[in-house]
Amino acid sequence: MLADAVRVTAFRNALAEVIECDDRVLDAGTGPGILAAIAAEFTSGPVVGVEYFADTAAFAASAAHASALERVRIVQGDVTRVDIGDPPDVVVSETIGALGPEENIVGLTYALRQRFPQVRAFVPSRLRVLAEPVVSDEADRLTASVIGAFSRLQPGGLSFEELLPEVELALGSQIVTTRLADAMPAGAPHTLVEYKLGETSDADFRCTVDLGGSAANAVHLYFEAVLGPTIGLSSHRTKPFTHWSHSYVARPSGARYATFSYKHAARRFSCRWAAGSRY
Ligand SMILES: C[S@@+](CC[C@H](N)C(=O)[O-])C[C@H]1O[C@@H](n2cnc3c(N)ncnc32)[C@H](O)[C@@H]1O
């Protein structure tokens with residue numbers, strides 16, 4: 001993540017846009033303290049980085065000390081509860097999961113808004129999860145290799161031949177993380193969910209995408225984050241590659257509807273396919 005220059009540069013540019021000269025800044029989930037250190041470049045006010053894990057917080061505190069970043073204070077604890085002193089003006093939090101909400105950015109920013117109603121800006125301020133129908137050789141190769149393995153007669157004479165449609169459906173429910181270099185669009189992207197960070201309390205969603213009439217053999221899943229007034233960050237396959245990689249689900253033969261859902265209690269994204277009417 002530290003080596004992900006696309007990510008770090010986008011956050012830096014957004015913090016430069018959003019922070020005013022004497023703002024108090026909170027980096028919620030500071031890890032090694034990188035966003036807290038960057039924030040300190042743009043304000044003469046105090047910057048607090050809060051990290052849940054004690055060893056990571058100690059590492060961040062040592063790094064800030066060794067770098068003579070006197071205005072950066074690292075606090076260990078749960079950022080939604082731990083005492084940080086004066087309320088912040090700006091909250092930055094890079095707790096974005098592979099598809100968006102899995103690292104609890106929605107619940108965390110909502111809790112911080114409840115705790116500090118006077119926060120002027122959250123970075124990011126919005127997070128969307130999208131699904132784009134695509135045609136991808138990589139998805140065909142994956143399906144062919146899995147179906148090929150199940151098509152072969154197994155030792156002992158075990159045959160899965162009758163179950164191949166089930167195998168394809170199960171494969172289609174797997175979210176594959178890869179580099180989608182070869183995909184082409186096969187329909188307009190659908191917004192599955194949009195979170196207003198600090199305002200949206202519940203990350204759970206369920207949304208059905210109709211692929212009827214599309215030649216898509218896969219659906220590319222990605223996020224778009226609004227970091228600042230002119231700065232965004234996206235894991236879309238055509239954007240600069242990040243450590244979040246690219247995600248997709250393979251479309252089973254004959255499947256028309258893909259229902260995507262997220263349940264935060266289980267930290268789980270799922271995709272269910274149906275051939276006919278929506279379910
Ligand atoms: C994806 S890392 C990002 C680290 C750093 N901000 C960066 O941009 O490189 C998220 C960090 O947030 C921390 N974290 C998540 N939830 C937290 C919470 N409620 N309180 C404090 N830290 C939390 C995790 O332990 C992890 O170190």
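Quantities reported herein were computed from a predicted structural model and do not represent experimental measurements. Read the numbers this way: they start at 1 and go in the same order the structure lists the ligands and their atoms.
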Other residues, nucleotides, ligands: >12 heavy atoms within 6.0 Å of Phe59 CZ: no
Nearest-option assignment for atom 27 (O) of ligand 1, heavy atoms, candidates Gln76, Arg81, Met1, Glu51: Glu51
Close approach, Ile34 and ligand 1, non-hydrogen under 4.0 angstrom: yes
Option of least heavy-atom distance to atom 8 (O) of ligand 1 (set: Arg7, Glu103, His243): Arg7
Nearest-neighbour protein heavy atom for atom 6 (N) of ligand 1, which is reported as residue plus atom name and distance: Gly29 O, 2.8 Å
N or O contact, Tyr52 vs ligand 1, cut-off under 3.5 Å: yes
Within-cut-off N or O pair, Thr95 and ligand 1, under 3.5 Å: no
Nearest protein heavy atom with distance in Å, relative to atom 16 (N) of ligand 1: Leu108 CD1, 3.7 Å
Distance-only N or O hit between ligand 1 and Val79, under 3.5 Å: yes
Thr177 and Ser245 side chains, donor-acceptor separation under 3.5 Å: no
Close N or O approach (Thr56, ligand 1; < 3.5 Å): no
Please list every donor-acceptor pair under 3.5 Å in which a side-chain atom of residues 184-192 meets a protein atom from a residue at least two apart or in another chain.
none

Exercise: do His236 and Ser234 side chains pair donor with acceptor under 3.5 Å: no
Under 3.5 Å side-chain donor-acceptor pair for Ser159 and Gln154: no
Residue part near ligand 1, for Leu35, under 4.0 Å between non-hydrogen atoms: side chain
Between Tyr262 and His264: side-chain donor-acceptor atoms closer than 3.5 Å: yes
Reported CZ-to-CG distance for the pair Arg237 and Asp182, which is rounded to 0.5 angstrom: 9.5 Å
Leu197 and Leu127, any side-chain heavy atoms less than 4.5 Å apart: yes
Part of Thr30 with heavy atoms under 4.0 Å of ligand 1, whether side chain, backbone, both or neither: backbone
Ligand 1 atoms in contact with Gly77 (distance to a heavy atom under 4.0 Å): 20 (N), 21 (C)
Ligand 1 contact on Phe53 by region, counting heavy-atom pairs under 4.0 Å: side chain
Beyond-backbone contact of Val92 with Ile19, side-chain heavy atoms, under 4.5 angstrom: no
